[in-house]
Amino acid sequence: MSIMSNAYMKMFPMEAEKKVSGGKRNPMLDVPEFNKAWNLYRDTSLDIMKRYEYMAQCVNFTDKDTEAIKESKDIIAANLKAILDHIYYEKLINDPWLSRWFRDDNGKIAKEYVDIRRARQQRFLLKILECKWDEEFWNFVRWVGAVHVPIFGSEDLYIPIRLNLALWGYIHQYLFNLFAEELKNDPEKLRRITTAWTKLFWIIIDIYHIDYFGPWM
Amino acid sequence: MKKPVVWFEESCIKCAICAEEASEVIVFVETTGPQIKEGIDIIPHSEKIKRAAQFCPKECIKYHL
Ligand code: HEM
Ligand code: SF4
């Protein structure tokens, strides 16, 4: 053995063990509980509705939450322009990293392009507010995520995942502050609405990132 | 009854969202912006056109349907 392969074996001792042939059946699948989990893994990887349903039951997103999101529509609709203006004309274009995608070749903010991005974000929010959690909606969420990686459509675009999370987190807290302000006098409604949106955000963030990862995520 | 018609006002920012939402009736031309497909009967697509108008960020899709 060479010095290099010796060092490698020390680092990864499992590599030195006898290999099991690739076609060998995983004995775990003989245990019904593991079989169930495997089926869930496989189904939620292949079928976006199953993925949504599984995530929804995990975070306990129910019809009551959908009702609460609908209850919040008026607040969002009344503030929609302000929310989008804030995200696009303050947050995104002033951040030293996020703004990189909104500049022209000379480094200046490309105003017309920012307007178009804002319009597309508005459509996304409006579609969420329709509260139709069907296959068309979830495929749309998946597609919006997919356009941020060089996988479909914009082959030269790659938005690092931490920036997505940063922006989702920012939008999340911005909306919650808005709800808190508007519902100062109705803490029970505030609880319903923020709970529902928290659950929905996590489910959306999962589906949005499907194409960032292999199916094992 | 007025003749059914759809038009796009000047405030259009050429985001192409309408053409995506109602691709059966609206096409997006890179140089000029959105337009109704030539020779198409728009009435059967009324709902789609109204939906596209709902998503238009400038509220510049106008219609008599
Ligand atoms: C909260 C997370 C995000 C959401 C909800 C979101 C939403 C969207 C939407 C709705 C679209 C357009 C899809 C369509 O064509 O309708 C889009 C595209 C795009 N997003 Fe995001 N985005 C997010 C994060 C980011 C971040 C962090 C950046 C970079 C700073 C970014 C940059 C872009 C760019 C450059 C495109 C354009 C692709 C093109 O020009 O075709 N997005 N995004
Ligand atoms: S959605 Fe409105 S702003 Fe966008 S291209 Fe169509 S008409 Fe113009």
Side-chain angles (χ1 to χ4, degrees), chain A residues 69-70 73-74 76-93 101-102 104 109-148 152-154 157 171, chain B:
Chain A
I69 305 268
K70 286 182 181 161
K73 260 187 194 176
D74 290 346
I76 297 186
N79 291 285
L80 188 61
K81 287 204 173 359
I83 298 170
L84 290 165
D85 282 352
H86 177 75
I87 295 170
Y88 278 81
Y89 303 133
E90 284 178 47
K91 182 70 182 170
L92 277 173
I93 64 170
W101 285 273
F102 300 92
D104 62 21
I109 293 297
K111 170 83 175 63
E112 285 177 9
Y113 181 65
V114 179
D115 290 345
I116 289 177
R117 297 255 53 81
R118 179 191 182 282
R120 291 181 161 265
Q121 183 73 261
Q122 172 174 310
R123 170 171 65 165
F124 189 47
L125 271 175
L126 289 175
K127 289 205 176 191
I128 295 175
L129 288 173
E130 286 180 335
C131 293
K132 274 196 241 140
W133 320 126
D134 56 11
E135 196 168 350
E136 189 181 327
F137 173 75
W138 291 114
N139 274 327
F140 180 72
V141 173
R142 176 180 178 167
W143 174 75
V144 170
V147 301
H148 296 80
F152 201 83
S154 322
L157 187 68
I171 295 172
Chain B
M1 206 181 109
K2 278 187 191 156
K3 189 174 175 295
V5 59
V6 178
W7 72 98
F8 305 92
E9 291 190 336
E10 285 216 340
S11 52
C12 170
I13 57 166
K14 302 198 172 81
C15 68
I17 285 177
C18 52
E20 287 170 22
E21 291 296 325
S23 55
E24 299 86 345
V25 254
I26 304 174
V27 283
F28 187 78
V29 184
E30 259 336 292
T31 45
T32 53
Q35 61 189 48
I36 294 293
K37 279 190 186 170
E38 248 171 71
I40 197 164
D41 178 7
I42 55 180
I43 288 294
H45 305 289
S46 302
E47 287 313 309
K48 280 276 177 141
I49 293 168
K50 288 177 189 166
R51 190 165 162 75
Q54 217 187 312
F55 287 117
C56 172
K58 292 288 164 186
E59 292 169 22
C60 58
I61 305 177
K62 304 290 176 194
Y63 50 79
H64 296 305
L65 289 166

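Proteins get letters first, then strands, A, B, ... in listed order; numbering begins at 1 in each.
Residue A:Glu112 places its CD atom among 12 or fewer non-hydrogen atoms of other residues, nucleotides or ligands, all under 6.0 Å distant.
The two residues B:Ile13 and A:Ala119 come nearest to each other via the heavy atoms CD1-CB, 4.1 Å. Nearest heavy-atom pair, A:Arg123 versus B:Ile17, reported as atom, atom and distance to 0.1 Å: CD-CG2, 3.8 Å. Across all non-hydrogen atoms, the minimal contact from B:Phe55 to A:Gln122 is O-NE2, 4.4 Å.
In this structure, chain B has heavy atoms under 4.5 Å from both the backbone and the side chain of A:Arg120. Using a 4.5 Å cut-off between heavy atoms, A:Glu130 touches chain B through its side chain atoms alone.
The structure places NZ of B:Lys58 at 6.0 Å from CG of A:Asp115, a figure rounded to the nearest 0.5 Å.
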